[in-house]
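A short write-up of the structure that comes next.
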Amino acid sequence: MRDWLFKTEPDAYSIDDLARDGRTRWDGIRNYQARNRLRDEVNAGDRVLVYHSSCAVPAVVGIATVVGTAEPDPSQFDPESPYYDPRSSPQAPRWVMVTLAYQAHLPTPVTLKQIKTDPVFAELELVHRGRLSIQVVDPHSAALILERGGLQQ
DNA sequence: GCCAACGTTGGC
DNA sequence: GCCAACGTTGGC
């Protein structure tokens with residue numbers, strides 16, 4: 001099992017929305033490096049730290065698990081979708097998605113500020129590759145973040 | 001709303 | 001294949 005950090009803008013889709021839905025298609029990823037990770041490295045059962053970006057307090061806010069493996073993202077074929085990609089086709093899909101299942105909120109969100117100011121997290125992609133939407137988290141950092149967020153493991 | 005970082009596009 | 005122009009992300 002690997003640990004990942006997936007970013008979402010809470011105005012668009014928040015951890016509360018995921019808790020309500022139980023599971024959701026994590027669609028709309030339109031970055032090749034993120035796509036390649038979803039396709040090649042993200043596995044069923046992997047743990048995902050859900051992170052809120054572009055908001056008042058950017059933070060890790062909860063955890064989810066990956067259901068199944070990557071599959072074509074239907075929104076790429078939908079002209080009405082903001083994620084429509086006219087260069088893609090069902091015969092040659094360009095973008096993939098995975099499904100996430102809600103696990104828990106962190107009782108206390110772990111903020112980007114906390115993470116940036118603690119040297120133990122200096123190697124995290126979140127600190128120096130902030131724009132990547134699908135990030136690797138090493139097991140030790142993941143455990144620390146959950147512990148600081150008040151989650152028993 | 002600004003702007004730095006960085007990803008993508010397309011002409012050559 | 002390079003790289004300038006351009007677009008997007010996301011913290012502040």
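Naming convention: chains lettered A, B, ... in sequence-line order (proteins, then strands); numbering from 1 in each chain. Since the structure is predicted, the reported quantities are computational estimates derived from the model, not experimental observations.
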For this session: Spell out protein contact along nucleotides 6-12 of chain C as letters: B when the base is contacted, S when just the sugar-phosphate is, - when no protein heavy atom is under 4.0 Å; keep the 5' to 3' order.
Result: -BBBBSS
Exercise. Within the distance-only criterion (no hydrogens, no angle test), does the side chain of A:Arg47 pair as donor or acceptor with the backbone N or O of A:Met1 below 3.5 angstrom?
Worked result: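 Checked: no pair found.
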Problem set entry | Flag for A:Ser14-A:Asp16: side-chain donor and acceptor within less than 3.5 Å | no
Problem set entry | A:His128 versus A:Leu124, closest heavy-atom pair with distance |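 Looking at all heavy atoms of both residues, the closest pair is CD2-O, 3.0 Å.
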Exercise. Taking it one step at a time, do A:His52 and A:Thr8 satisfy side chain to side chain contact (heavy atoms under 4.5 Å, CB included)?
Worked result: CA-CA 5 Å; A:His52 281 173; A:Thr8 185; 3.8 Å; yes
Exercise. Shared ILVMFWY cluster between A:Val98 and A:Tyr102, side chains joined below 4.5 angstrom?
Worked result: yes
